[in-house]
A.B. asks: 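Sharing a structure, written as structure tokens. Questions coming.
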Number of protein chains: 2
Amino acid sequence: MAKKDGEKKKPKAPEPVLRELLRLPEGERIDLTAYDAGATPAGPTDKAAGLEATTALGPRLADLQERLYAASTAGDRRRMLLVLQGMDTSGKGGTVKHVIGLFNPSGCRIRAFKAPTREELNHPFLWRVMRALPQPGEIGIFDRSHYEDVLIARVRELVPHRRIGRRYGQINRFEQSLAEDGVTVVKVFLHLSYEEQRARLLQRLDNPEKHWKFSPGDIEERALWPEYRRAYEIALERCSTDEAPWYLVPADRKWYRNWAISKLLLEHLEALDPKYPPGDFDVEECRARLLAS
Amino acid sequence: MAKKDGEKKKPKAPEPVLRELLRLPEGERIDLTAYDAGATPAGPTDKAAGLEATTALGPRLADLQERLYAASTAGDRRRMLLVLQGMDTSGKGGTVKHVIGLFNPSGCRIRAFKAPTREELNHPFLWRVMRALPQPGEIGIFDRSHYEDVLIARVRELVPHRRIGRRYGQINRFEQSLAEDGVTVVKVFLHLSYEEQRARLLQRLDNPEKHWKFSPGDIEERALWPEYRRAYEIALERCSTDEAPWYLVPADRKWYRNWAISKLLLEHLEALDPKYPPGDFDVEECRARLLAS
């Protein structure tokens with residue numbers, strides 16, 4: 001379970017570590033307007049190179065996923081949880097399709113959180129999240145998450161302000177417990193520009209095959225952009241912890257978004273360095289019995 | 001929702017319909033030894049062609065899956081359920097990895113059934129299956145299923161014989177209700193030969209990175225091969241119905257198995273012919289509001 005950082009210092013050019021580059025600082029004031037949503041930090045130079053680089057990460061991701069799963073069959077409780085948040089059209093669904101599509105689907109536990117049901121509202125806000133967690137060896141993916149309870153809940157004043165205020169601490173304690181239980185929590189904020197959102201919504205209108213993804217309510221939500229941005233800034237400020245940091249991924253370029261999240265997951269999986277467990281049986285004896293069968 | 005059979009009669013050479021070719025007859029006595037597990041009915045000529053053909057089906061599968069999901073957002077309850085059964089090492093997990101990996105993972109609901117937990121045993125045997133069903137628009141995948149309750153349960157005499165006998169009818173009624181509720185049930189028996197199972201188990205022994213997939217218990221189960229085969233024959237005989245037929249897929253060649261199941265799913269999805277739902281909003285008005293925002 002030790003990190004292999006020592007072994008990895010090979011003489012070739014140092015590759016930029018994306019999780020250091022994209023990680024939001026802990027406890028600092030965050031101004032999202034200061035981040036360029038069209039940037040491609042440490043990324044491939046263009047779309048073609050980006051697609052190729054992302055595809056090239058696939059086999060390594062799938063291999064590490066299999067090792068993580070294999071380790072769980074021998075009692076290793078470690079697992080990963082990718083939390084995806086971002087404005088409408090920022091690419092949460094696209095990330096699941098293109099990045100999670102690189103993994104073996106049987107080891108992925110995906111949950112898209114919608115408006116809470118009546119049953120969910122009758123429980124603490126973390127209840128439904130708790131039930132959707134990945135099991136040992138799995139990669140969990142949250143398309144939206146418990147953060148909605150401090151985002152839309154704050155902007156739309158769905159619960160009293162004081163209750164919202166307490167939730168940041170509740171989230172941090174919850175995520176700390178997850179980390180202690182072997183969950184590597186990777187929280188990604190898909191940073192989209194106001195202009196790119198307009199373009200993406202217009203694209204949905206222009207294509208009848210995309211009308212099912214559109215609702216006039218999207219325009220009303222867009223009108224609250226500054227309020228959502230502020231709600232995000234507060235959440236990112238208060239909930240980027242050592243145990244579960246937030247990563248800001250510029251999301252105006254889909255190919256960069258897919259590459260960056262694939263790379264982030266790879267870096268985390270490599271740090272976990274999961275091992276195939278040894279068999280607890282007599283190989284030669286089993287071989288002889290099989291050959292005789 | 002009407003099938004497009006009429007439109008599809010194009011003058012080009014008729015493609016063999018795999019679901020007719022592989023479908024097991026209803027109510028007839030089945031002798032599995034009469035089926036060649038190494039056969040490749042209607043399939044590509046060799047492995048390279050098989051891999052290519054399977055990859056080529058990917059975009060059509062993903063497109064139809066998206067349409068099915070989109071339709072569900074407008075109230076279409078239709079969904080698909082792939083049931084995978086077969087002896088150990090017959091490739092249930094490999095099918096999920098390679099075939100289901102062609103779909104968007106967010107629309108797939110995968111469940112691998114293990115030995116029932118104490119809670120599951122306290123419920124009727126269909127209870128845990130019911131809870132794992134796909135929701136409208138989704139593709140459900142069962143790696144093992146309620147059929148284990150007439151397979152291992154029969155061979156290992158886990159429940160009284162009379163109760164096993166009643167389960168076939170219970171399964172048929174359950175699956176008929178699913179079909180009536182819009183579930184297209186595709187049940188696939190992965191037909192493996194006794195010799196190929198030996199070879200695959202030996203491969204697991206030969207590779208330390210595959211030891212986690214092996215257990216000496218696999219050899220004990222293998223010793224019961226004739227009993228399992230008979231239990232399969234009975235289940236396939238009694239539970240291949242019009243609403244939920246069984247398909248026999250020769251599974252000694254992995255590339256054929258993957259191609260055949262992909263093709264089977266494609267044929268079923270094409271028969272469903274799901275449509276993108278029309279938007280229920282004023283496109284021009286929304287466009288104007290967006291452009292002004």
A.B. asks: When only pairs under 4.5 Å are counted, which of A/L201, A/D218, A/N104 shares the most heavy-atom pairs with chain B?
C.D. replies: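 Result: the option with the highest number of such pairs is A/N104.
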A.B. asks: Are any non-hydrogen side-chain atoms of A/D280 and B/H211 less than 4.5 angstrom apart?
C.D. replies: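 They are not in side-chain contact.
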A.B. asks: What is the distance from atom CG of A/D143 to atom OG of B/S106, rounded to the nearest 0.5 Å?
C.D. replies: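 Going from CG on A/D143 over to OG on B/S106, the span is 8.0 Å.
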A.B. asks: Rounded to the nearest 0.5 Å, how far does CG of A/L291 lie from CG of B/L202?
C.D. replies: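 Here the rounded value is 5.0 Å.
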A.B. asks: With a 4.5 Å heavy-atom cut-off, do B/F281 and A/S215 have their side chains touching?
C.D. replies: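 Result no, sub-4.5 Å side-chain heavy-atom pair not found.
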A.B. asks: Would you indicate whether B/Y69, at its atom OH, is surrounded by more than 12 heavy atoms from other residues, nucleotides or ligands within a distance under 6.0 Å?
C.D. replies: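 Atom OH in B/Y69 is not crowded, with 12 or fewer foreign heavy atoms closer than 6.0 Å.
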A.B. asks: Name the region of A/A74, side chain, backbone, both or neither, that has any atom closer than 4.5 Å to a heavy atom of chain B.
C.D. replies: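 Interface part for A/A74: neither.
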A.B. asks: Which bit of A/R67 comes within less than 4.5 Å of chain B, counting heavy atoms only: side chain, backbone, both or neither?
C.D. replies: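 The answer is the side chain of A/R67.
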A.B. asks: Is B/K275 close to A/E209 at the side-chain level, that is, under 4.5 Å between some pair of heavy atoms?
C.D. replies: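 Not in contact.
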A.B. asks: Output the distance between atom CG (B/L290) and atom CZ (A/R204), rounded to the nearest 0.5 Å.
C.D. replies: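 Answer rounded to 0.5 Å: 11.0 Å.
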A.B. asks: Quick one: does any side-chain atom of A/R198 pair with a main-chain N or O of B/S293 as donor and acceptor, under 3.5 Å?
C.D. replies: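 Indeed, once roles are kept as given, a pair shorter than 3.5 Å links the two residues.
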A.B. asks: Does atom CD (B/E52) have a neighbourhood of more than 12 heavy atoms from anything else shown, all under 6.0 Å?
C.D. replies: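 Open.
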A.B. asks: Measuring from atom CG of A/L205 to atom CG of B/D282, what distance do you get when rounded to the nearest 0.5 angstrom?
C.D. replies: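 Spacing of CG (A/L205) from CG (B/D282) equals 10.0 Å.
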A.B. asks: Tell me whether the count of non-hydrogen atoms from other residues, nucleotides or ligands lying under 6.0 Å of CZ in A/R60 goes above 12.
C.D. replies: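 Counting neighbours around CZ of A/R60, 12 or fewer heavy atoms of other residues, nucleotides or ligands fall under 6.0 Å, so no.
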A.B. asks: How long is the straight-line distance from OH of A/Y276 back to NZ of B/K213, given to the nearest 0.5 Å?
C.D. replies: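 One gets 8.0 Å once the value is rounded to the nearest 0.5 Å.
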A.B. asks: Heavy-atom pairs under 4.5 Å with chain B are the metric here; pick the option from A/T73, A/I100, A/I219, A/I141 that has the most.
C.D. replies: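 Looking at each option in turn, the highest pair count goes to A/I219.
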A.B. asks: Go through the atoms of B/Y194 and report whether side chain, backbone, both or neither lie under 4.5 Å from a heavy atom of chain A.
C.D. replies: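 Interface part for B/Y194: side chain.
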A.B. asks: Please find the pair of heavy atoms, one from A/C286 and one from B/P216, that lie closest to each other, and give the distance.
C.D. replies: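 The pair with the smallest heavy-atom distance is SG-CG, 4.2 Å.
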A.B. asks: Is the shortest heavy-atom distance from the side chain of B/W212 to the side chain of A/E66 under 4.5 Å?
C.D. replies: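 Yes. Closest side-chain heavy atoms under 4.5 Å.
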A.B. asks: Nearest 0.5 Å, what's the CZ-CZ distance between B/R289 and A/R222?
C.D. replies: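 Rounded to the nearest 0.5 Å, the CZ-CZ separation comes to 11.5 Å.
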